[in-house]
Amino acid sequence: MATYDSLKSGFESAGQGHVFAFWQNLSDAEKSDLLADLSQIDPARVSKIFKTATNAPPLTAENSKIEPLPESAVDSVLKSTPEKVKAWRETGLRLIAQGKVAVLLLAGGQGTRLGSSAPKGCYDIQLPSHKSLFQLQGERILRLQKVAKDAMGISTEVVIPWYVMTSAPTRAATESFFREHKFFGLKEENVFFFNQGILPAFSNDGKILLETKSSVAVAPDGNGGIYAALRKEGVISDLERRGIPYIHAYCVDNCLVKVADPLFIGAMVERNADSGVKVVPKAYAAEPVGVICRRNGRFGVVEYSEIDPKMAEQTKPDGSLIFNAANIANHYYTLDFLKKIDAKEDELEYHVARKKIKHVDVATGAEVKPEKPNGIKLELFIFDVIPFAERFAVLENARNEEFSPLKNAPGTPAGDNPETSRADILAQHHRFAVAAGAKIADGVELELSPLVTYDGEGLGVLHGVRVSTSTHVSNEAELKSLA
């Protein structure tokens, strides 16, 4: 830990020396706590971030030129030939079998809006199996390793490392959950936990706020903080050690996510993209979702509130929306791109969130519990690096196969809740089985474990089989027993 003298000098030089206002009255334990907090903060860096973010002119219709994606940047699973889709998948499987693909999971959030204090990935959406989001995703990795190994006809082990970004409040509980469930069948050495970064909260005039006399008011730096965390927490070094050039990143709350999707990887590699995203068609023009497009000549995400309603309703000759590429927080990167982004921090635009922040008044020592926003928290979003891509690409996919976010509490009329997540997975499994030739009676629920099928493969034994009772197929032996 840095010393008192070195920290005090650094904070005073950055105009933040007030964080030591109560030093003389702190106990030895409290002094140690404060130094531990301050040693995690680069005062010059965070002060610069605050100044840049708060002085940036707001993006408006007047100073932003918003344009749709050029057709040349987009491939579509929905519109491509079966041969092309197969080729993408085969490329991805080959790279996975060669150990060239890793996965980044953004899992720092708690399930507060779902009525749970546990990490969101621990949530049970009430499938017949009662598997958590973490388990569904971990078992998909396990299955995909087998699929890639079999597809390439190799005898060596196939490994897809899983890098799990947590936060300070969720780290211990996440690791405990993984261990309790034996890492969902994966090898522990191939699961890497690391913490999302934090930034101090600021007063409106840029002073770091103290939560107590011996602690700093801090907040997560947004899911875009993953880029700095990859370096600081050793992920970049581990990827280099393993020789992995291709990375898939996603958020934990999408129950349909195809983790390390070989089709996505293959499509991006074929295009020689350094960064790319999956998108799905918007459900309707005014859907409250960000859109992948171009702003001022650069690729990026424009929030739905930034697009004029008349612009949002514009259509192509085929009737589809012009601004139709809904962002689903599903990203592809090369390792070289991630390393480049680490050096671009000064150019990243942090977002200002004005919040009610409990803190201690350094002049009086009184605790302040505001009733209205009194300070600023800064955050990055994972899509904020898109403008820095030199070879950006987009892959359009079917929404019902790729995207079912868990955002809202059970029973929420707006959807995106546990009930819709559950229904979307079971509907997908129904489609898988029917495509394999099964006949499923009305009202019957069929859950297929990820250990049985990743995205519909391996179900040939169901051809001609009638499924008349609700069933959870947990392994290949149970699958064969249905025949």
Carefully, step by step, assess E287 and Y304 under the rule side chain to side chain contact (heavy atoms under 4.5 Å, CB included). CA-CA 7 Å; E287 182 182 10; Y304 67 93; over 6 Å; no
How are the rings of [X] and [Y] set to each other: parallel, tilted or perpendicular (split at 30° and 60°)?
| X | Y | answer |
| --- | --- | --- |
| Y333 | F337 | parallel |
| F392 | F299 | tilted |
| Y332 | Y246 | parallel |
| H351 | F383 | perpendicular |
| F194 | F192 | perpendicular |

Would you mind writing out the side-chain donor-acceptor pairs for residues 98-113 within the sub-3.5 Å range, not counting sequence neighbours?
unit_1 : atom_1 : unit_2 : atom_2 : d
Q110   : NE2    : S117   : O      : 3.4
R113   : NH2    : N408   : OD1    : 3.0

Indicate yes or no: at least one non-hydrogen side-chain atom of L239 is less than 4.5 angstrom from one of Y163.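 Contact flag for L239/Y163 side chains = yes.
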Within 6.0 Å of CG in D318, more than 12 heavy atoms from elsewhere: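 Count over threshold, so yes.
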Using a 6.0 Å cut-off, check whether atom CZ of F193 has over 12 heavy atoms from anything other than its own residue.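 Above 12, so yes.
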Set of salt bridge (Lys or Arg N to Asp or Glu O under 4.0 Å) partners for E457, sequence neighbours left out: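 Result, salt bridge (Lys or Arg N to Asp or Glu O under 4.0 Å) vs E457: R143.
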Evaluate K377 against E379 for salt bridge (Lys or Arg N to Asp or Glu O under 4.0 Å), listing each step before the verdict. CA-CA 7 Å; K377 294 182 179 180; E379 59 184 358; over 6 Å; no
With side chain to side chain contact (heavy atoms under 4.5 Å, CB included) as the criterion, how do W88 and L395 come out once you've worked through the C-alpha distance, each side chain's angles and the decisive distance to 0.1 Å? CA-CA 11 Å; W88 287 334; L395 183 65; 3.9 Å; yes
Can you pull out every salt bridge (charged side-chain N to carboxylate O under 4.0 Å, His left out) where at least one residue sits in residues 188-198? Sequence neighbours excluded, please.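 For residues 188-198, and leaving out neighbouring residues, the salt bridge (charged side-chain N to carboxylate O under 4.0 Å, His left out) pairs sorted by first residue read R179-E188.
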Using side chain to side chain donor-acceptor pair (under 3.5 Å) as the criterion, point out the one residue from K258, K278, Q137 that pairs with Y250.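 So the option named by the test is Q137.
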